[in-house]
J.: 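Pasting in a structure now, in structure tokens, and then I'll have a few things to ask.
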Number of protein chains: 2
Amino acid sequence: METRELRYFVAVAEEANVGRAADRLGIAQPPLSRAIARLERRLGATLFDRTPRGMDLTDAGLTLLREGRVALAAMEAAERRTRRTAQTPGESRIVLTAKPGSAGEVMVKLLDAYAAEPDAVDVEVVFSPPRHQALMLRDGRADVALLHRPFDDLSGFDVETLLVEDQVVIVPAGHPASQRTSMTEAEARSISDLPCPRWPEIDGSYPDGPGPEMRDLTQMVQLVRLGRTAIVLPESVQAYVRDGVAVVSLVDAPRVTTVLAWPPHSTSVGVAGLARTAARL
Amino acid sequence: METRELRYFVAVAEEANVGRAADRLGIAQPPLSRAIARLERRLGATLFDRTPRGMDLTDAGLTLLREGRVALAAMEAAERRTRRTAQTPGESRIVLTAKPGSAGEVMVKLLDAYAAEPDAVDVEVVFSPPRHQALMLRDGRADVALLHRPFDDLSGFDVETLLVEDQVVIVPAGHPASQRTSMTEAEARSISDLPCPRWPEIDGSYPDGPGPEMRDLTQMVQLVRLGRTAIVLPESVQAYVRDGVAVVSLVDAPRVTTVLAWPPHSTSVGVAGLARTAARL
DNA sequence: AGCAGTCATACCGAAAAGGTATGGCAACGG
DNA sequence: CCGTTGCCATACCTTTTCGGTATGACTGCT
């Protein structure tokens, strides 16, 4: 199976429509139809059910979509890391990706401690949208990432735990709920006049729902102050909030673990050094 | 980067010689030379240093070899698992791979317990050479494997621990060392007239050394009886030895953990059921 | 019934892959 | 020191594949 065929397949699977997929790929529709048919012939598997409204994935197609995305990410990672090795002889820089504002405190401590090491290399910090950190690690855009259990998918990475913390709910200062000293997660999510905000999906779209669309922490604090939402977050975000909001602890919410993660088999001395520093914190 | 190009690159990297790699790939040498040159141009990286004796990998080439093997295994896995999904509707069978004789006891217990489950599917057990289990899991030839820490590379897999055991050394019954009740691993490996056996590498070749080439457990027991070798192994192999050998415990050898491992994101109900059964043992 | 949308097929030109023949270059041995 | 031997690269040709345009077949909707 060639990389191109697999990219074509993924495009068709995601669009559920050959014509739109062809547009996205920048080719005409007929060659794409043929490529899919040939791929099916070579695999000996029907990947799509053809309907009058488009293409429906079969079970085999679902398998290829799931496994194929992993394979494509691995191909991209191989390519990217090779380019970078060629361009930066001696490895003078590594890329760390994190969610903006996530565990800011621990990240500063980690980077400061690492920079003090004798053999430290430059660490370029790249902020990326929520949940994109693992993707960037998988496809080689980043060498190391700050991930959060249980939200991120840590499977396949080596990790070092940096911080374990409870979650809290942030409510408007004057709201009746602000009088409580603690509540359950279910209670926090069902305060009738304070709907939960909607976080973006991996593809950048927002799910349907009553809450506001959440983009960053600054905006979040404003929305809470305005009495538009209540938001469940790890307690370390208290560093970002000031007046106008109240913090109520949650009794049953899962703990959030912040970890430093990197691909197994990483040969980077920078990543190894950062991991060693993390283990000492 | 296309799959074909990457396969060509890996062949040349492994052979360190374009002509031999071309033979192995079943194509002529000039197209392969051109393919490598084009890949280097497209990556913007020099992958090989050309010497009068062949091709030497550069740092960038080493990166591509390491990452590229992972990517190729992922591509193969995607292809294989898609074929299998198409061929076995309803998933009536999963493939488990293990080293022959490894933790025989615990494997029997696991399979018996799983077979007693109400929704159990058939488990095909495929024995493969030592260290091949993880490869088979990575490229989709197996759905689940019995691996051994610290010998196998578990990175990237989900695991369930089945058994933790000490290691022992097996020596000929009449040998002076058989009088000891315990020794250190270093002592066991340096008994002058009993050299350690040589296990095959991943590629099936044997390293150089004085000891005999080890193929399977039956042969091993014979070799120990004949006074040709002493061998360090997990204690569960005592089930396979009878007369003519003595077992001496080791005080400092690392413990061996037998785990059930499977790829993350596995959607197989068979694998999930087996993992659940393993967790209960 | 006509129309809008879908995917498939037919046919053609362009690009890429593969084969054979051959050239250049360095190391090695007489 | 010169021929031989192994290398890899280049030149040139053939075959395959890839992509584009035009068009057909089929379904659901108005």
Side-chain angles (χ1 to χ4, degrees), chain A residues 1-62 64-65 68 72 75 79 86, chain B residues 1-62 64-65 68 71-72 75 79 82 86:
Chain A
M1 189 171 48
E2 289 303 313
T3 311
R4 182 174 3 86
E5 300 179 291
L6 185 52
R7 270 196 297 262
Y8 286 5
F9 164 79
V10 171
V12 173
E14 286 178 354
E15 300 286 346
N17 178 312
V18 181
R20 278 200 304 273
D23 281 352
R24 188 171 116 186
L25 294 166
I27 65 172
Q29 171 259 318
L32 184 53
S33 274
R34 264 180 306 157
I36 298 295
R38 193 180 43 243
L39 180 60
E40 288 181 312
R41 230 180 12 256
R42 289 215 282 239
L43 289 175
T46 305
L47 300 171
F48 295 101
D49 290 324
R50 273 72 169 173
T51 78
R53 282 202 305 289
M55 310 280 274
D56 266 8
L57 278 171
T58 61
D59 282 355
L62 276 169
L64 185 58
L65 182 59
L72 284 179
M75 290 289 291
E79 199 167 330
Chain B
M1 190 171 47
E2 291 302 313
T3 311
R4 184 180 354 93
E5 302 178 291
L6 185 52
R7 271 195 297 262
Y8 286 4
F9 165 78
V10 171
V12 173
E14 286 177 354
E15 300 286 346
N17 178 314
V18 181
R20 277 199 304 273
D23 280 352
R24 188 170 116 187
L25 294 166
I27 65 172
Q29 170 260 319
L32 185 53
S33 273
R34 263 181 306 155
I36 298 296
R38 193 181 44 242
L39 180 60
E40 287 180 313
R41 227 180 16 254
R42 288 216 282 239
L43 289 175
T46 304
L47 301 171
F48 295 101
D49 290 325
R50 273 73 168 171
T51 78
R53 282 198 307 288
M55 310 280 272
D56 267 7
L57 278 171
T58 60
D59 281 354
L62 276 169
L64 186 57
L65 182 59
L72 284 179
M75 289 290 287
E79 200 167 330
T82 303

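The shown structure was predicted, so the numbers you read here are calculated from the model rather than taken from an experiment. Order of the sequence lines fixes the chain letters, A, B, ..., with proteins taken first and strands second; residue numbering starts at 1 for each chain.
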J.: Whole angstroms only, please: what is the CZ-P distance between B:R7 and C:dA17?
T.: 13 Å
J.: By salt bridge (Lys or Arg N to Asp or Glu O under 4.0 Å), which residues pair with A:R50, not counting sequence neighbours?
T.: A:E40
J.: Could you work out, with side chain to side chain donor-acceptor pair (under 3.5 Å) as the rule, every residue matching A:T3, not counting sequence neighbours?
T.: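 For A:T3 the side chain to side chain donor-acceptor pair (under 3.5 Å) partners, ignoring immediate neighbours, are B:T3.
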J.: Mind checking what makes side chain to side chain donor-acceptor pair (under 3.5 Å) contact with A:R38, not counting sequence neighbours?
T.: none
J.: Who are the side chain to side chain donor-acceptor pair (under 3.5 Å) partners of A:R20, not counting sequence neighbours?
T.: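 A:R20 satisfies side chain to side chain donor-acceptor pair (under 3.5 Å) with A:E15 once adjacent residues are dropped.
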J.: Atom CG of B:D49 to atom P of D:dA9: distance rounded to whole Å?
T.: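 In whole Å, D:dA9 P and B:D49 CG are 12 Å from each other.
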J.: Pull out every residue in residues 12-20 of chain A that has a heavy atom closer than 4.0 Å to any atom of DNA chain C, ordered by number, or say none.
T.: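 Result for residues 12-20 of chain A: A:N17, A:V18, A:G19, sorted by number.
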J.: If you look only at pairs with a residue in residues 35-56 of chain B, which of them pass as a ring pair (Phe, Tyr, Trp, His ring centres under 6.0 Å), with sequence neighbours excluded?
T.: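 Found B:F9-B:F48.
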J.: Between residues 22-45 of chain B and DNA chain D, which residues have a heavy-atom gap below 4.0 Å?
T.: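 B:Q29, B:P30, B:S33 - these, ordered by number, are the residues of the stretch whose heavy atoms sit under 4.0 Å from the strand.
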J.: Pick the closest DNA chain D nucleotide for A:E5 and for B:R50 by heavy atoms, then say which residue is nearer the 5' end.
T.: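 Taking each residue's closest nucleotide, the earlier one in sequence belongs to B:R50.
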J.: Among residues 52-60 of chain B, which residues get a heavy atom nearer than 4.0 Å to DNA chain D?
T.: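 Hits under 4.0 Å, by residue number: B:P52, B:G54, B:M55.
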J.: Residues in salt bridge (Lys or Arg N to Asp or Glu O under 4.0 Å) with B:E14, at least two apart?
T.: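 Counting only residues at least two positions away or on another chain, B:E14 forms a salt bridge (Lys or Arg N to Asp or Glu O under 4.0 Å) with B:R24, B:R69.
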J.: What residues, two or more places apart in sequence or in another chain, satisfy side chain to side chain donor-acceptor pair (under 3.5 Å) together with B:S33?
T.: B:Q29
J.: Got a second to check how far A:R4's CZ is from A:I27's CD1, nearest 0.5 Å?
T.: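 Answer for the CZ-CD1 pair, A:R4 versus A:I27, is 9.0 Å.
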J.: Can you name the side chain to side chain contact (heavy atoms under 4.5 Å, CB included) partners of A:A28, sequence neighbours left out?
T.: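 For A:A28 the side chain to side chain contact (heavy atoms under 4.5 Å, CB included) partners, ignoring immediate neighbours, are A:P30, A:P31.
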J.: If I take atom CE in residue B:M1 and atom P in nucleotide C:dA16, what distance separates them, rounded to the nearest angstrom?
T.: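 In whole Å, C:dA16 P and B:M1 CE are 18 Å from each other.
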J.: Do the charged groups of A:E79 and B:R42 touch, with an N to O distance under 4.0 Å?
T.: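 A salt bridge is absent here (no side-chain N lies under 4.0 Å from a carboxylate O).
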J.: Please enumerate all residues that pass side chain to side chain contact (heavy atoms under 4.5 Å, CB included) together with A:D23, with sequence neighbours excluded.
T.: none
J.: A:Y8 near the nucleic acid: base, sugar-phosphate alone, or nothing, with a heavy-atom cut-off under 4.0 Å?
T.: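 Sugar-phosphate contact only.
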